[in-house]
There are 2 protein chains.
Amino acid sequence: MAVTLKAVAGRAEVSVATANQVLNGFVDRFAESTCERVQVAARDLEYVPNMAARSLQKQRSYLIGVLFSDANASLFSEFTHGVMQGIGSTDYSPIVFSHDSLRTEAKCLERCLHRKVDGLIVGAGIDEAGQTNTDFYSKVMASGLPLVEVFGRFVPEAVSGNVDLKQAGKMVVDHLRAAGHQSIAHLTHDRYDVARHSGIGPHYDAWEMFRGYEQTMLSSGLTPVLITHPLRLTGGFSQSCYESGYASLRSIMAHPAKPSAVFCYNDDQAYGLIQACHDEGIAVPDRLAIVGYGDEKLARIIRPRLTTLRRPSRETGRRASELLLRMIEKETVESVTLEPELMVRESA
Amino acid sequence: MAVTLKAVAGRAEVSVATANQVLNGFVDRFAESTCERVQVAARDLEYVPNMAARSLQKQRSYLIGVLFSDANASLFSEFTHGVMQGIGSTDYSPIVFSHDSLRTEAKCLERCLHRKVDGLIVGAGIDEAGQTNTDFYSKVMASGLPLVEVFGRFVPEAVSGNVDLKQAGKMVVDHLRAAGHQSIAHLTHDRYDVARHSGIGPHYDAWEMFRGYEQTMLSSGLTPVLITHPLRLTGGFSQSCYESGYASLRSIMAHPAKPSAVFCYNDDQAYGLIQACHDEGIAVPDRLAIVGYGDEKLARIIRPRLTTLRRPSRETGRRASELLLRMIEKETVESVTLEPELMVRESA
DNA sequence: ATGAAAGCGCTAACAA
DNA sequence: TTGTTAGCGCTTTCAT
């Protein structure tokens, strides 16, 4: 049915070996006329190499596994688009899985391993108890499989393509200070410091963001005001964040530091907080300025429009897959850091 | 490196042929003790078949291509999750691509074909001019490649796993009538009737939804009120819908039929409309009841909470992949229809 | 009831 | 400069 190398070789009147070499770029080993004939034949027949055969021989699947946590569902599409860009016109294809629990995450990973993916891009999850699949991933890495982590750092040894959340904290504080705010609170959730209490290391996103905020506040001579709120985590991460944001207004208003601005862990918390302000008749941004993180589509829709840090999702996908491809080629690579962008709108 | 069938056969002291047969379920051809030995050996060695080799021999890639339009970005994660469920524990893996233009869509399709996927799940796009990749897909189908279409019907011959949008129209009208509304408008976009003017056939989602609305109105003795608004389509589909919803309030209020309720094409339009009402001081739902379609996370967040039809995204993915697998097995299958669910909240 | 052998399409080492 | 050859790991037909 399909056009094989043999067919191309036949048409060009050379051996399959020759055809193969020519088509794989070893043109300088052959007479120009030979190369010409082979290339023409391949084009005429619309030859496409059979990946299964190539895989078998090369001991590579030309597949990269992408594991994505539902917690980031809203940027899944952007992210996979970026992955595609990074893969470009190489022979690789992404096999993509989205997971909503540690169990399904482990299952997805298992599938990728069975498929013998050449590398893995991992957006890991964390459950209500602060548990992760870190050990599983560590084992995978130990086996030598290239792995790039995105949207968090739960696998300490992994190369990562993450947003610079310390910088995020700094950008927001600087922006709010410039607008005259002195009492700037940081709203996050009750697991923000899981990085300290678990083996995850100092790179849990909430912790990193908090540290960026804290350091900037201190070095600006301001007092950090940390407000945390528990996540219910039934009904999904996003919904829980919204609710925690809503519920936190009370703590914010009751706080002795009388915050005039709040930097939220993510957009969902910010939406919740804005809604609470609305319900309580608290003017945003006049009485309380609010900044989020993420810049989902809703940020431009909600009123007042949300001032927030744009999370470069597509770029994350692109950079992560570029890194991974280089790792697969046995290059040594460093983690990359992506910069957020402050989108100043109405809420701050 | 990896455990091969040969290794299993060696350990069980049988030939590879025997080991293979046993592990593929042809147990009744062999002595019970033989089967036992093979199975034990496979388990002990944690044997996993090499897909590349199997593919090569079976002339199947065990890959299914998933093409997804950015226009539905918000449900991508849910959808792929469903695809995974449908694939279950079969040997198939999804290679997933998200596209944001006809060009990238075609490129993704091309990649899938090069990879020789065994089947395709397609969420097709449509551009500003109403163009689609229908011809491309038709050609693919003509070649015999199993294809299931979701989230729209741009490929007339394709098996589809779509939501019953006629039913959606009916459900909403019935609900609003029961609440006493007589003048119920349908807000959609200016391409709603592309189905009539192009070769796409009568299944463009906006058209189907309109027809369900129209038929129910007529059979209830009410006069359909159609309000369309152009989409800018720069800045993405979602954003454009929001803007069109916002801008349409003017037309709605100026309409001689004086609508007391509006059924919107999607949640984005509904958000826009709600926001416009808010800005103009029009009470929702008292003065104007609003119903959307989609039930994205925002629907529960916006105030008033949006009454909307839930679009079963995960189920769509699950059913679509189930259908596709059956098609790959040469079964004859029918398109399936999924039912939306009315989520009654505050806006209507 | 089991095994030997050919071959899927491609690659790479070696021969000519 | 080009061709011959031996697999990669699995499936399947045909002997035994």
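Sequence lines set the chain letters: A, B, ... in the order given, protein chains first and strands last, and positions in each chain run from 1.
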### Query
Which is true for Gln59(A) with a 4.0 Å heavy-atom rule: it touches a base, it touches only sugar-phosphate, or it touches nothing?
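Contact class for Gln59(A): sugar-phosphate only.
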### Message
Tell me which residues in residues 9-20 of chain A lie within less than 4.0 Å of DNA chain C, going by non-hydrogen atoms.
### Response
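Those residues are Ala17(A), Asn20(A).
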### Query
Between residues 24-36 of chain B and DNA chain C, which residues have a heavy-atom gap below 4.0 Å?
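Correct list: Arg29(B), Phe30(B), Ala31(B), Thr34(B).
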Grab the [atom1]-[atom2] distance between [X] and [N] for me, whole Å please.
{"X": "Leu56(A)", "N": "dA12(C)", "atom1": "CG", "atom2": "P", "answer": "12 Å"}
{"X": "Leu23(B)", "N": "dT2(C)", "atom1": "CG", "atom2": "P", "answer": "14 Å"}
{"X": "Leu5(A)", "N": "dT11(C)", "atom1": "CG", "atom2": "P", "answer": "7 Å"}
{"X": "Lys58(A)", "N": "dA6(D)", "atom1": "NZ", "atom2": "P", "answer": "22 Å"}
{"X": "Leu45(B)", "N": "dG9(D)", "atom1": "CG", "atom2": "C1'", "answer": "15 Å"}
{"X": "Arg37(B)", "N": "dA1(C)", "atom1": "CZ", "atom2": "P", "answer": "14 Å"}
{"X": "Asn50(B)", "N": "dC10(C)", "atom1": "CG", "atom2": "P", "answer": "17 Å"}
{"X": "Gln21(A)", "N": "dG3(D)", "atom1": "CD", "atom2": "P", "answer": "11 Å"}

### Task
For Phe79(A) and Phe68(A), run ring-ring contact (aromatic ring centres under 6.0 Å, His included): C-alpha distance rounded to whole Å, both residues' side-chain angles, the deciding distance at 0.1 Å, then the answer.
CA-CA 9 Å; Phe79(A) 175 71; Phe68(A) 198 84; 5.2 Å; yes
### Min side-chain heavy-atom separation Ser98(A)-Met84(B) under 4.5 Å
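They are not in contact (no side-chain heavy atoms under 4.5 Å apart), so the answer is no.
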### Message
Contact between Thr34(A) and Thr18(A) at the side-chain level, heavy atoms closer than 4.5 Å - yes or no?
### Response
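The answer is yes, as the side chains (C-beta and beyond) meet within the 4.5 Å cut-off.
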### Message
Would you say Lys6(A) places a side-chain N or O within less than 4.0 Å of OP1 or OP2 belonging to dC8(C)?
### Response
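For dC8(C), neither OP1 nor OP2 has a side-chain N or O of Lys6(A) closer than 4.0 Å.
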#### Entry: Arg54(A) vs dT11(C): side-chain N/O to OP1/OP2 distance below 4.0 Å
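It does, given that an N or O in the side chain of Arg54(A) lies less than 4.0 Å from OP1 or OP2 of dT11(C).
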Do [X] side-chain atoms and [Y] backbone N/O form a donor-acceptor pair below 3.5 Å?
{"X": "Glu105(A)", "Y": "Asn133(A)", "value": "no"}
{"X": "Arg319(B)", "Y": "Gly161(B)", "value": "no"}
{"X": "Ser77(A)", "Y": "Asp70(B)", "value": "no"}
{"X": "Asn162(B)", "Y": "Gly152(B)", "value": "yes"}
{"X": "Arg111(B)", "Y": "Tyr92(A)", "value": "yes"}
{"X": "Ser321(A)", "Y": "Val83(A)", "value": "yes"}
{"X": "Thr104(A)", "Y": "Asp100(A)", "value": "yes"}

### Message
side chain to side chain donor-acceptor pair (under 3.5 Å) for Arg115(A) and Ser93(B)? Distances and angles first, verdict last.
### Response
CA-CA 8 Å; Arg115(A) 260 289 183 174; Ser93(B) 297; 3.3 Å; yes
### Query
Do Gln57(A) side-chain and dG9(C) base share a donor-acceptor contact under 3.5 Å?
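Side chain to base: no pair present.
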### Query
Bend angle of the helix from dA1(C)-dT16(D) to dA16(C)-dT1(D) from five-pair axes at both ends, rounded to 10°?
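So the angle between the two local helix axes works out to 50°.
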### Query
Which of these nucleotides, dC10(C), dC8(C), dC10(D), is closest to any side-chain atom of Tyr47(A)?
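It is dC10(C).
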### Message
If you count every heavy atom of other residues, nucleotides or ligands that lies below 6.0 Å from Lys107(B) atom NZ, does the total exceed 12?
### Response
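Not buried by this count: 12 neighbours or fewer within 6.0 Å.
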